[in-house]
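Step one of this worksheet: look at the structure below.
Keep in mind that this is a model prediction, so the values were computed, not measured. Atom set for the values below is all heavy atoms of this structure, side chains included, hydrogens, waters and symmetry mates excluded.
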Amino acid sequence: MAMVSDEARYADPVPGAWRIWTTAWLVTAVFILSNSATPLYVRWQQEMGFSNGTLTLIFAAYIAGLLAALLVAGQLSDRYGRKPVLFPGLAAAVLACMLFGTASTVASLLLARWLSGVAVGVIVSAGMASVVDVGGPARRKTASLAASVAMVLGAGLGPLLSGIFSEWLAQPIVPLFGTQLLILASAFVAAGSLPRMRFSARESEWRLRLPGVPGGNRLHLALGIAVFAPGITSTSFMLSLGPSLLQKLLGASDPLIAGGMTCFMFLMATGVQFLLKRLTIRSQLLMGAASVFLAMLCMVIALYASAVAPLVLAAMLAGAGQGLGQLGGLTLIGLHVPEHRRAEANAVLNIGGYIPAAVLPVCTGYLIDFTGLAAGATVFAAILAAAATAAAGFVRGKDF
């Protein structure tokens, strides 16, 4: 494995906050793209005539691309440096953007989603590691916060931008993704400004393997995954089927409403991290698990009361659950995992979170097709509430 000594840093050993946040823009830019299509799914569904099951399958194509990238991106980044991995990831984002802008078939949407997943897989491993790298030992908590906030902020801005374009323009798709290309161009500039890392001598034999972490860090990853996974699964459900819930159950079909709800969800994920950043990691994780449980309770209330307010509250609580689970997990990695395994550890955290985030919403989408919206979503809520409860018990029972 390529090793980076404990003293190896970027050119500035004590960087200002500006360097951390400009590097975090890489993460934000790609995540803006990742969720921009959310308010447009109902539009594409009407134009192309596909089912709720197909809709969640399109969403899952993103997860498939992300997981494929996570299997290799972290290891390659730790081996060869951040830049050689970041640029291909950004190129995948550009291709996805072009496909979304010209999509006319389900196949083109599937490929666009897959490529955007590849780009996100690169960013959550190599990109987030770059943010913590530039923070150095003195700013690891700040850099972990920046990386986590950059992800959820971008994820929230994307659907809001899409909703605004849909509200103002009769044909919003081409202008929207043209704007996305400009945003991605700025990400290329940010990536190009990163100094090279100083690697020590490499081992003569090295090969790709399943991502992992040193034995002493496995508990740190398990604690993060335990809360992050239910959190991101709840937001994934809102991203894939939230617009359908608004339209089919609550009678709200305006893309700006769907985009606004998703934006509020991720703004909550952003704000709660700043608000609770001084809490212990244990408290952050426990509050994250509690937020997911309450989110599922509110979603069930919304389903059976046919009310918008509980659904919006459920989305905001889901965002809080993801944000706190993500912040706790990334902080544990930043504080405890060696620098030369950091991108790989980020990959493991996200693999653990995104697998259930892909499987459960897809299964729920097909279940809804067979049983109806209320019954399918209630089953999903019950499973996730149980997972959040188990996560809280796991965190409380461990000494870390």
Side-chain angles (χ1 to χ4, degrees), residues 31 34-42 45 52 55-60 62-63 113 120 151-160 162-163 228-250 252-272 288 291-303 307-326 353-354 356-365 367-368 373-374 376-385 387-388:
F31 269 91
S34 72
N35 287 340
S36 287
T38 297
L40 300 174
Y41 286 148
V42 173
Q45 190 175 21
N52 282 323
L55 176 61
T56 53
L57 192 63
I58 291 170
F59 182 80
Y62 161 83
I63 307 291
R113 287 293 287 169
V120 168
M151 174 179 167
V152 292
L153 180 62
L157 290 176
L160 179 63
S162 179
F228 177 54
I232 197 167
T233 302
S234 65
T235 58
S236 294
F237 179 86
M238 292 294 179
L239 284 169
S240 58
L241 289 172
S244 295
L245 286 172
L246 285 169
Q247 183 187 42
K248 296 181 180 179
L249 183 64
L250 309 178
S253 59
D254 190 337
L256 185 58
I257 296 176
M261 186 181 76
T262 306
C263 181
F264 278 124
M265 178 171 71
F266 286 111
L267 286 179
M268 173 61 78
T270 303
V272 75
S291 296
V292 174
F293 182 90
L294 292 173
M296 295 301 100
L297 179 61
C298 288
M299 189 176 75
V300 171
I301 292 171
L303 286 167
V308 175
L311 184 63
V312 174
L313 181 58
M316 295 177 70
L317 286 166
Q322 178 185 335
L324 290 171
Q326 182 177 296
Y354 275 105
V359 173
L360 284 177
V362 168
C363 292
T364 303
L367 183 62
I368 286 171
L373 188 60
T378 299
V379 171
F380 172 85
I383 292 172
L384 215 58

- [ ] Can you see which heavy atom on Ile63 is nearest to which on Ala358, and at what distance?
- [x] CG2-CB, 3.0 Å
Task: Counterpart residues, side-chain contact (heavy atoms from CB on, under 4.5 Å), relative to Thr233 (two or more places apart) - done: Pro356, Ala357, Leu360, Pro361, Phe380, Leu384
Open item on the list: Under a 3.5 Å distance rule, please check whether Ser34 uses its side chain to pair with a backbone N or O of Phe31 as donor and acceptor.
Closed with: yes
Open item on the list: Would you compute the distance between atom CG of Leu294 and atom CD1 of Ile301 and round it to the nearest 0.5 angstrom?
Closed with: 9.5 Å
TODO: Kindly write out the residues that satisfy side-chain contact (heavy atoms from CB on, under 4.5 Å) with Cys363, not counting sequence neighbours, or none if the list is empty.
DONE: Val359
Task: Atom of Gly231, atom of Val292 and distance for their closest heavy-atom approach - done: CA-CG2, 3.6 Å
TODO: Indicate the atoms forming the closest heavy-atom contact of Leu311 with Ala302, along with that distance.
DONE: N-CB, 3.5 Å
Task: Shortest non-hydrogen contact from Leu303 toward Ala374 - done: CD1-O, 4.1 Å
Task: Listed partners of Thr235 passing side-chain hydrogen bond (donor to acceptor under 3.5 Å, both in side chains), at least two apart - done: Gln322
Task: Heavy-atom side-chain proximity of Leu267 to Val152 below 4.5 angstrom - done: no
Task: Leu373 side, atom CG; Thr378 side, atom OG1 - distance, nearest 0.5 Å - done: 8.5 Å
Open item on the list: Using 0.5 Å steps for rounding, measure from the CE atom of Met238 to the CZ atom of Phe264.
Closed with: 15.0 Å
- [ ] Could you tell me which non-hydrogen atom of Ala318 sits nearest to which non-hydrogen atom of Met265, and how far apart they are?
- [x] CB-SD, 4.4 Å
TODO: Please name the pair of heavy atoms, one in Cys298 and one in Leu317, separated by the smallest distance, quoted to 0.1 Å.
DONE: SG-CD1, 3.9 Å
